[in-house]
**Student:** 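Sending over a structure as structure tokens; questions will come in a sec.
What you see below is based on every heavy atom in this structure, not just the backbone, and it leaves out hydrogens, waters and symmetry mates. From a predicted model like this one, the values you see are computed outputs, not experimental measurements.
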Amino acid sequence: MSTVVLVVFGLVYLGMALGGLPGLALDRTGVALLGGIAMVALGALPFGDAWAAVDMPTIYLLFALMVLSAQLRLAGFYSVMVRRMVVLELTPPALLAVVLLGAGALSAVLTNDVVCLAVTPMLVEGCTRRKLDPLPFLLGLACASNVGSAATLIGNPQNILIGQTMHLPFGRFLLEAGVPALLGLGAIWLVIAAQYRGRWSRQLPLPEVKAPTFSRWQSFKGLAALAVLMVIFLFFHETHRAGAALVCAGVLLLSRRMASREMLALVDWQLLVLFIGLFIVNQAFAHTGEMERALTAMRSVGVDPSHPGWLFVLSAVLSNLVSNVPATMLLLPAAMHGNFAIPVGPVLALSSTLAGNLFIVGSIANIIVVTAAKPLGVEINFRTHARTGIPVTLVTLAIAAGWLWAMGSG
């Protein structure tokens, strides 16, 4: 049975690395789901154990935040915010700074993938009206959404998982990760402003962008729910996060104007299924004892995944091989067994998230920006993204490593 589990586990993470399995019409979510089904069907995990393997508070919190983001998107909040932003009488470098700060701040408290999906079309439209090249602003949006999301325990899926699994205090994590995230936004500005100096203008056909009609009341409801959650996250125990978020999501769904069908259609069910499948696959793998043997073998050659330094490097590398969510799920068990001065929660969160800017496939946020911009006449190819993504990743990882080392030695 152990051999079968290892084969399934290997195929699942091969699918995570390739984005699917050769010859099959499967993406990462399909691979993870089939992997989970195989583990149960083959008897590697009984049904009860498979269900228990899924960290439901993480799923609840992720779902609830997606509902909150859907509320703001359908209320036209993102659209009106971007349109007001791009008409500011600012120079292109100053406008870039505003876009970076806005994207980073929104991604810190809302799911960064949803932010990119809602903001990209409006940003292309606004830049085109001003006869500005949308490319540097879109690259900034993608990079800033990743870097900004690293600042909090709700900014992205892997941070949510880390916070729930390791029971990390929201406020303390913000202090530990917020500084390198803020400095990272400055680093993004420096890289892009230097690369596009004197090349901000571009004439493009004005795209036809359909945006939700702005509703002041519905936007207020969404922002009020977000404010309530921030207070609960900051001042109450972490065990209340998922329940409070679900209650807020339920209140938002109780609406006479906003159709629940439309809101639930914006929930990223694919991501939730990916989480569930990987929880089951990883639990079945853990039951074989191979994980402990692998960790022992790694430590025997001087590589200890529970050590903050090695964890930082392994997380950054794995995040670009299998994507940051699977990499985080794979490294979490080892990270939780560490006992070092440097907090391993921020180490894993910062390294896995910041590494996502390296290439387009490094994070879902990058893919969303590239995919959403193409029908609007703006193409971001692998080389164009890498030209910005590689220096941004190296600089932001260096900033994070220096900050974490300073905290551990201070």
**Student:** Are any side-chain N or O atoms of Ser107 and backbone N or O atoms of Gly104, one a donor and one an acceptor, separated by less than 3.5 Å?
**Tutor:**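 The answer is no, because no donor-acceptor pair under 3.5 Å joins these two groups.
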**Student:** Keeping Thr120 on the side-chain end and Cys116 on the backbone end, is there a donor-acceptor pair under 3.5 Å?
**Tutor:**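 Indeed, once roles are kept as given, a pair shorter than 3.5 Å links the two residues.
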**Student:** Look only at the side chain of Gln195 and the backbone of Arg387, and say whether a donor-acceptor pair between them is shorter than 3.5 Å.
**Tutor:**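 Between the backbone of Arg387 and the side chain of Gln195 there is a qualifying donor-acceptor contact (under 3.5 Å).
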**Student:** Tell me, do Ile276 and Ile59 make a side-chain contact under 4.5 Å, heavy atoms counted?
**Tutor:**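 The answer is yes; the side chains approach within 4.5 Å.
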**Student:** Would you say Trp189's side chain and Gly184's backbone share a donor-acceptor pair under 3.5 angstrom?
**Tutor:**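 No, because the side chain of Trp189 does not come within donor-acceptor range (under 3.5 Å) of the backbone of Gly184.
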**Student:** Under 4.5 Å between any side-chain heavy atoms of Trp310 and Pro305, yes or no?
**Tutor:**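 Contact flag for Trp310/Pro305 side chains = no.
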**Student:** Calculate, to the nearest 0.5 Å, the distance between atoms CD1 and CG belonging to Ile154 and Leu174 respectively.
**Tutor:**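 Answer rounded to 0.5 Å: 10.0 Å.
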**Student:** With no hydrogens and no angle check, do the side chains of Asn146 and Ser363 hold a donor and an acceptor under 3.5 Å apart?
**Tutor:**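 The criterion, which ignores hydrogens and geometry beyond distance, is satisfied for Ser363 and Asn146.
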**Student:** Would you call Leu229 and Leu65 a side-chain contact if the rule is heavy atoms closer than 4.5 Å?
**Tutor:**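 Yes - at least one pair of side-chain heavy atoms lies under 4.5 Å apart.
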**Student:** Taking the side chain from Asn320 and the backbone from Ala316, do they hold a donor-acceptor pair closer than 3.5 Å?
**Tutor:**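 It does hold such a pair.
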**Student:** Apply the side chain to side chain contact (heavy atoms under 4.5 Å, CB included) test between Asn112 and each candidate in Leu106, Asn156, Val147; give the one that qualifies.
**Tutor:**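 Single side chain to side chain contact (heavy atoms under 4.5 Å, CB included) partner of Asn112 among Leu106, Asn156, Val147: Asn156.
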**Student:** Donor-acceptor pair, Arg83 side chain versus Met122 backbone, under 3.5 Å?
**Tutor:**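 Between the backbone of Met122 and the side chain of Arg83 there is no qualifying donor-acceptor contact (under 3.5 Å).
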**Student:** First locate atom CZ of Phe275, then atom OG1 of Thr29, and finally report the distance between them rounded to the nearest 0.5 Å.
**Tutor:**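 If we round to the nearest 0.5 Å, Phe275:CZ and Thr29:OG1 are 10.5 Å apart.
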**Student:** Nearest heavy-atom pair of Ala187 and Val395: which atoms, and what distance?
**Tutor:**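 Minimum heavy-atom contact is CB-CG1, 3.6 Å.
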**Student:** Tell me, yes or no, whether the heavy-atom count around Arg197 atom CZ, taken from other residues, nucleotides or ligands under 6.0 Å, exceeds 12.
**Tutor:**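 No, the 6.0 Å shell around CZ holds no more than 12 heavy atoms from other groups.
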**Student:** Would a distance-only check, ignoring hydrogens and angles, find a side-chain to backbone donor-acceptor pair under 3.5 Å from Ser300 to Ala297?
**Tutor:**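 Checked: pair present.
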**Student:** Side chains of Ser315 and Ser351: any donor to acceptor distance under 3.5 Å?
**Tutor:**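 The answer is yes; a qualifying pair exists.
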**Student:** State yes or no: are the ring centers of Phe359 and Phe382 separated by less than 6.0 Å?
**Tutor:**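 Judged by ring-centre distance (under 6.0 Å), Phe359 and Phe382 do meet the cut-off.
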**Student:** Between Trp405 and Phe312, is the gap from one ring center to the other below 6.0 Å?
**Tutor:**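 No, the ring of Trp405 stays outside the 6.0 Å limit from the ring of Phe312, centre to centre.
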**Student:** Give, for atom CG of Leu278 and atom CZ of Arg28, the distance between the pair rounded to the nearest 0.5 Å.
**Tutor:**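 Output value for this atom pair is 10.5 Å.
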**Student:** Return the minimal non-hydrogen interatomic distance between Leu61 and Ala245, and the atom names on each side.
**Tutor:**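 In this case the closest contact between Leu61 and Ala245 is CD1-CB, 3.5 Å.
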**Student:** Hey, what do you get for OG (Ser201) to CG (Leu132), rounding to the nearest 0.5 Å?
**Tutor:**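 Ser201 atom OG to Leu132 atom CG measures 6.0 Å (nearest 0.5 Å).
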**Student:** Should we say atom CZ of Arg172 is surrounded by more than 12 heavy atoms from elsewhere, each under 6.0 Å from it?
**Tutor:**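 12 or below, so no.
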**Student:** For the CE atom of Met258 and the CG atom of Leu252, what is their distance to the nearest 0.5 Å?
**Tutor:**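 Interatomic distance, Met258 CE to Leu252 CG, rounded to 0.5 Å: 8.5 Å.
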**Student:** Compare every heavy atom of Asn159 with every heavy atom of Ser149, then report the nearest pair and how far apart it is.
**Tutor:**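 Result for this residue pair: O-ND2, 3.3 Å.
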**Student:** With under 30° as parallel and over 60° as perpendicular, where do the rings of Phe170 and Phe233 fit, or are they tilted in between?
**Tutor:**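 Judged by the thresholds at 30° and 60°, the geometry between Phe170 and Phe233 is tilted.
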**Student:** Can you list the steps and then say if Leu135 with Glu379 is a side-chain contact (heavy atoms from CB on, under 4.5 Å)?
**Tutor:** CA-CA 8 Å; Leu135 194 54; Glu379 185 169 353; over 6 Å; no
**Student:** Looking only at heavy atoms, what is the nearest atom pair of Thr388 and Cys143, with distance?
**Tutor:**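 That closest heavy-atom pairing would be CG2-SG, 4.5 Å.
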**Student:** Which atoms form the tightest heavy-atom contact between Val370 and Ile380, and what is the distance?
**Tutor:**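 Taking Val370 first and Ile380 second, the nearest heavy atoms are CG1-O, 3.5 Å.
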**Student:** Taking the side chain as every heavy atom from C-beta outward, state whether Phe77 and Leu223 have any atom pair closer than 4.5 Å.
**Tutor:**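 Phe77 reaches Leu223 side chain to side chain.
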**Student:** Are side-chain heavy atoms of Pro343 and Met407 found at a separation under 4.5 Å?
**Tutor:**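 Yes, at least one pair of side-chain atoms sits under 4.5 Å.
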**Student:** Is there a side-chain contact (heavy atoms from CB on, under 4.5 Å) between Ser219 and Phe214 once you walk through the steps?
**Tutor:** CA-CA 8 Å; Ser219 296; Phe214 177 64; 3.3 Å; yes
**Student:** Heavy-atom distance under 4.5 Å between the side chains of Leu266 and Arg73, does that happen here?
**Tutor:**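 Sidechains of Arg73 and Leu266: in contact.
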**Student:** Could you check if a side-chain atom of Val267 sits within less than 4.5 angstrom of a side-chain atom of Leu272, using non-hydrogen atoms only?
**Tutor:**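 Answer yes - side chains close enough.
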**Student:** Just wondering, do Leu246 and Phe63 contact through their side chains at under 4.5 Å, heavy atoms?
**Tutor:**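 The answer is yes, as the side chains (C-beta and beyond) meet within the 4.5 Å cut-off.
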**Student:** Could you tell me whether a side-chain N or O of Thr396 sits under 3.5 Å from a main-chain N or O of Thr393, the two making a donor and an acceptor?
**Tutor:**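 Present.
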**Student:** Lys221 and Leu72: side-chain contact (heavy atoms from CB on, under 4.5 Å), yes or no, with the steps?
**Tutor:** CA-CA 9 Å; Lys221 283 172 59 178; Leu72 292 173; over 6 Å; no
**Student:** Roughly how far, to the nearest 0.5 Å, is NE2 of His287 from CE of Met39?
**Tutor:**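 Spacing of CE (Met39) from NE2 (His287) equals 11.0 Å.
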**Student:** Tell me whether Thr152 contacts the main-chain N or O of Ala108 through its side chain, where contact means a donor paired with an acceptor under 3.5 Å.
**Tutor:**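 Yes.
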**Student:** Starting from the C-alpha separation in whole Å, work towards a yes-or-no answer on side-chain contact (heavy atoms from CB on, under 4.5 Å) for Val119 and Leu141.
**Tutor:** CA-CA 8 Å; Val119 170; Leu141 169 64; 3.9 Å; yes
**Student:** Might you point out which heavy atoms bring Val281 and Gly36 nearest each other, and give the distance in Å?
**Tutor:**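 Heavy atoms only, the tightest pair is CG2-N, 3.5 Å.
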**Student:** Using a 6.0 Å cut-off, check whether atom CH2 of Trp200 has over 12 heavy atoms from anything other than its own residue.
**Tutor:**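 Result for CH2/Trp200: enclosed.
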**Student:** Answer with yes or no whether the side chains of Asp55 and Tyr60 bring together a donor and an acceptor at under 3.5 Å.
**Tutor:**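 Short answer, no.
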**Student:** Can you confirm if the aromatic rings of Phe279 and Trp51 lie within a centre distance of less than 6.0 Å?
**Tutor:**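 They do not qualify: ring centres at least 6.0 Å apart.
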